[in-house]
There are 2 protein chains.
Amino acid sequence: MTSIILIGILLSMNESSRKAAPSVSMPANQKVPTLSDVARCAGVSYATADRVINERGNVAEKSVRKVHQAMMNLGYVRNVAAANLSRQRTYRLAFLLPQGQNAFFNHMRQHIDGVIEHLLAEQVTVDVIEVAAFDVAGLIQCLNSIAEKTYDGIAVVGLQSDLVEEPLTRLKNSGASVVSLVSDLPKQCRSAYVGINNVAAGRTAARLIGVSHGGLPGVVQVLVGSLQAQDHSDRLKGFQEVLTRDYPQLTLLEPVTTRDDDEAVQAAMQRALTELQDEPEVSAVYNVGAGNSGLVEALTQYEKPQRFFCVAHELVPHSREALLNQHIDVVIDQCPDIEVNRALTLLKALIDARDLPPMLEIVPTVYVQDNLPSSAQLTLSN
Amino acid sequence: MTSIILIGILLSMNESSRKAAPSVSMPANQKVPTLSDVARCAGVSYATADRVINERGNVAEKSVRKVHQAMMNLGYVRNVAAANLSRQRTYRLAFLLPQGQNAFFNHMRQHIDGVIEHLLAEQVTVDVIEVAAFDVAGLIQCLNSIAEKTYDGIAVVGLQSDLVEEPLTRLKNSGASVVSLVSDLPKQCRSAYVGINNVAAGRTAARLIGVSHGGLPGVVQVLVGSLQAQDHSDRLKGFQEVLTRDYPQLTLLEPVTTRDDDEAVQAAMQRALTELQDEPEVSAVYNVGAGNSGLVEALTQYEKPQRFFCVAHELVPHSREALLNQHIDVVIDQCPDIEVNRALTLLKALIDARDLPPMLEIVPTVYVQDNLPSSAQLTLSN
DNA sequence: ATTAAAATGATTGACGTCAATCATTTCTGT
DNA sequence: ACAGAAATGATTGACGTCAATCATTTTAAT
């Protein structure tokens with residue numbers, strides 16, 4: 001017995017000194033320790049080590065400590081491949097996206113489709129489920145229709161309503177993890193929010209419009225889809241905050257509500273572009289919501305004032321073209337691809353009850369005509 | 001025999017119709033098919049199916065076809081967890097980063113350290129190796145010092161020199177995959193480049209500086225680290241292109257070379273900020289390279305002209321603070337975190353000889369004071 | 001000292017794939 | 001028809017973990 005303990009100590013000293021400089025100058029050809037190694041190093045049986053790491057109980061305090069110590073010393077990390085294989089873990093995920101022809105969500109759907117087959121190799125299945133757009137009742141119905149126990153994780157384009165709490169709690173109790181996507185749910189309903197900070201997006205729009213006037217006075221028109229929508233009102237809030245604080249020489253007109261409708265956006269733009277007797281000339285427009293095709297339509301038909309600056313949201317084919325045509329100057333995007341990837345990573349981590357790899361906030365991305373990604377996707381050259 | 005074939009056909013019809021709508025309305029609770037299922041469906045033995053998918057040869061054309069057909073029909077995807085477990089695959093990676101106190105690479109190193117332990121669970125080990133900065137001889141020496149066969153994949157901050165071709169070819173022949181990071185290698189030396197388009201970055205800087213003048217005339221000073229560096233000269237090229245084409249009312253001064261040295265940058269900035277008799281007042285500065293702390297130092301000491309716009313590169317603590325202080329107006333960043341993740345994903349895919357999940361180009365990111373990520377990292381609220 | 005409870009050890013069969021061996025069958029060409 | 005080559009089948013032991021069973025030892029309570 002004594003000799004075994006001695007070996008354990010020697011091993012642990014050896015191992016801990018090896019671990020000292022993990023990322024520099026030490027070649028990475030060390031054998032990765034297994035749970036058997038840990039057990040041996042801790043001086044306990046495999047069964048006990050297993051009881052410890054899987055928290056099966058019925059193990060003495062000092063054994064727990066010995067095993068934990070051994071794990072530290074050896075730098076043991078559970079082999080997730082083996083673990084998932086053994087417990088036949090599959091990740092059954094669902095994305096609940098608003099239905100309809102919305103270009104942004106179309107793009108998102110497309111990206112999900114693109115990654116589905118690659119995820120299959122990691123035992124991840126993804127269903128994309130269409131939900132009535134921006135409709136609390138529809139969302140609740142959909143949540144209820146998801147039979148309990150069918151999904152391990154769900155990403156939902158959220159709505160701010162207390163009514164969704166009950167069905168979501170039910171899902172959660174049935175073992176599903178929930179993250180909100182693009183638009184947040186009530187905080188207690190989800191484990192994480194994957195989306196941009198929309199107040200920051202609005203502030204950014206204001207900053208760029210402010211800067212674009214080069215200190216000269218101007219008149220700014222904002223178009224919003226709906227002030228009921230959390231993201232829209234957040235953006236407006238951030239926008240107003242920065243514009244009034246930092247650019248007092250700019251006049252902010254009352255926002256026009258468009259219900260994200262192309263024609264309404266077009267009409268509003270026409271009004272803004274048409275010089276009227278008693279109305280000042282608009283020098284900048286910020287379209288908070290969707291309906292960019294109407295916006296572009298109006299910009300194509302009517303002549304812009306000499307100095308005119310236009311900011312819109314979401315990089316989609318329409319807005320992309322408008323950037324290149326100089327009809328729109330800036331597009332603020334939330335990078336749906338990255339959001340989808342984040343949601344997937346998060347859900348997997350939640351399901352495994354693992355802790356997360358470090359990752360930064362998703363930031364509202366500023367596109368001008370000059371830093372557009374090529375529309376083609378990456379491929380390997382070799 | 002006939003009956004077996006019949007069953008195969010029936011199965012395949014059933015399966016292919018199930019596959020028709022992969023992402024809508026079909027619950028994801030299907031059992032994932034294994035290679036045994038494929039073999040059964042193809043009417044061959046497991047051994048033959050194995051010979052096919054692992055290309056071991058000695059298998060008849062028609063068996064190959066049957067197996068492929070069965071794979072299609074069942075939607076078979078190799079279980080990478082099981083495969084990697086079985087073949088004891090480990091990914092031994094190395095990142096070759098320039099040594100020194102550079103804030104950008106410090107950040108990158110930090111991020112790598114952060115993900116290392118999470119990668120360990122997937123049998124990925126990463127060594128960070130320091131290389132003499134921007135020194136072809138040093139890089140070559142380092143490449144040679146990496147003993148053959150030690151690494152499966154390498155990410156290198158590249159240099160444009162034909163001299164690196166030989167050691168890299170040697171590494172490649174020894175079985176290592178190579179990607180270039182941040183700065184490209186000669187194309188034939190690497191399988192992919194992970195970094196931003198620096199011409200686009202320069203164009204973006206020009207666009208924002210152009211916009212910031214609101215149509216008014218101005219004088220623009222560019223600071224470059226070294227025109228030898230590919231990224232710097234690319235940025236300058238893009239900058240000049242857009243500024244001269246789209247903003248003819250702006251005067252572009254001769255670029256000042258700073259060797260990325262803080263003091264040199266500071267001196268150049270002082271010159272720019274000091275109003276001289278026969279020199280025009282500078283209205284905008286674009287710092288193409290590093291040395292932002294010198295830039296900020298000068299901006300703190302000297303009074304800026306009323307209308308002054310400053311664009312710099314890389315979001316690091318210094319530049320972040322300067323954004324918030326309004327000393328710098330825009331920071332163009334290459335998102336080192338994302339670059340690292342991409343490099344890791346790419347290397348793993350290359351090593352597995354898998355095809356890539358779809359991913360978009362990495363785009364030069366525009367930061368203003370309003371869309372900065374919180375410096376803290378994401379955590380789960382759950 | 002006895003007994004029950006708690007802790008530990010030892011072992012086993014999955015999980016899906018890989019990589020190998022060996023026996024058997026089916027094709028070639030003559 | 002026959003030898004030799006080519007193709008196929010059948011089987012096996014890893015890989016590291018999980019989840020279980022059963023036997024044995026140690027500990028605590030009386």
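Because only heavy atoms are used, hydrogens play no part in the values below, and waters and symmetry mates are left out as well, while side chains stay in.
Using a 4.0 Å heavy-atom cutoff across all strands shown, A83(B) reaches sugar-phosphate atoms only and no base atom. Residue-level contact check: V80(B) touches neither bases nor backbone, having no heavy atom under 4.0 Å from any strand. Note on L85(B): a base of the nucleic acid sits closer than 4.0 angstrom, heavy atoms only. Residue contacts shown for R51(B) include a base, since a base heavy atom lies under 4.0 Å away.
Put simply, CD on E361(B) and CZ on R342(B) are 9.5 Å apart, with the number rounded to the nearest 0.5 Å.
Protein chain B contacts DNA chain D from dA7(D) to dG16(D), reading 5' to 3' and using non-hydrogen atoms of the protein with a distance under 4.0 Å.
Between the side chain of S63(A) and the main chain of V59(A), no donor-acceptor pair closer than 3.5 Å is present. Judged by distance alone, with hydrogens and angles left aside, the side-chain atoms of H118(B) form a donor-acceptor pair with the main-chain N or O of L356(A) at under 3.5 Å. For the pair T34(B) (side chain) and S36(B) (backbone), a donor-acceptor distance under 3.5 Å is present.
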Passes side chain to side chain donor-acceptor pair (under 3.5 Å), R87(B) versus N54(B)? Steps please.
CA-CA 12 Å; R87(B) 58 177 123 191; N54(B) 288 317; 5.0 Å; no

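In terms of heavy atoms, V194(A) sits closest to E339(A) at CG1-O, 3.4 Å.
Position along DNA chain C of the nearest nucleotide to A47(B) versus A81(B) favours A81(B) as the more 5'-ward residue. Nearest-nucleotide positions on DNA chain D place S86(B) closer to the 5' end than the other of N84(A) and S86(B).
Within residues 55-64 of chain A, the residues having any heavy atom closer than 4.0 Å to DNA chain C are, in order of number, N58(A), V59(A), A60(A), S63(A).
By the 6.0 Å and 45° rule, R89(A) stacks over the aromatic ring of Y91(A).
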